[in-house]
Structure formats: structure tokens, C-alpha cells
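A short worksheet on the structure shown next.
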Amino acid sequence: MLKQYEQTLFKLITSGQGTYGVSIYHFETEEAFTYQADEEFYSASIIKVPIMAAVFAHAAEGKCSLSETIKIREEDIVPG
């Protein structure tokens, strides 16, 4: 499955500005696609990925709405 998209993925990744590392794993077929898998990257914003995955999962289950506004309190803010 991923093999048929490999060239398209590569073109998308290399057409952007910046340095990227990509790893995709298809659990059903056990296929993997990686790009620059051995490179080290600063992970400052990577925490947003699992947070948003959880938000989208909750929205899909009807536990929240993506149009909701959430107020961030001072005690919610952490350094970095």
C-alpha cells in the first residue's frame, strides 16, 4: 500500500523548505516509509502531535467539538 505512494510522499517532502524527517507505518500491512530516519531533530513542538491525535479522537467520539474554545490559565503554561 505505502509503496504506491512512496514517490508522491518523497516529492511532497522534498518540495518544502526546511529539514524534515518522516516515518509512516501501516499497521495492517506492516509496511513502513521513512525519510531521513537516522537524522536527529530538535523536538520542541512534537508534543503537539499526540495531543492533537487525542483531541481528534475525542471529537470523533463526540466528547468535544473542534469549534469549542478553551481558555488557557496561567497555571497551564509551562516553560519550553
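Being a predicted model, the structure only gives us computed values, none of them experimental.
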Taking the side chain as everything from C-beta on, heavy atoms only, tell me whether Val55 gets closer than 4.5 Å to Met52. yes
Exceeds 12 heavy-atom contacts within 6.0 angstrom, atom CD of Glu40: no
Heavy atoms from other residues, nucleotides or ligands near CD of Gln7 exceed 12 (cutoff 6.0 Å): no
Please report, to 0.1 Å, the donor-acceptor pairs under 3.5 Å made by any side chain of residues 23-30, with sequence neighbours excluded.
from  : atom 1 : to    : atom 2 : distance (Å)
His26 : ND1    : Glu28 : N      : 3.3
His26 : ND1    : Thr29 : N      : 3.1
His26 : ND1    : Thr29 : OG1    : 3.2
Thr29 : OG1    : Glu31 : N      : 3.4
Thr29 : OG1    : Glu31 : OE1    : 3.0

Can Val22 be reached from Leu12 by stepping across I, L, V, M, F, W or Y side chains whose heavy atoms are under 4.5 Å apart? no
Around atom CD1 of Ile77, are there more than 12 heavy atoms of other residues, nucleotides or ligands at under 6.0 Å? yes
Taking all heavy atoms of Phe10 and all of Phe33, pick out the closest pair and write down the distance. N-CZ, 4.3 Å
Would you indicate whether Leu66, at its atom CG, is surrounded by more than 12 heavy atoms from other residues, nucleotides or ligands within a distance under 6.0 Å? yes
Would you compute the distance between atom NZ of Lys11 and atom CD1 of Ile13 and round it to the nearest 0.5 angstrom? 13.0 Å
Residues Gln36 and Phe41: closest non-hydrogen pair is NE2-CZ, 3.7 Å
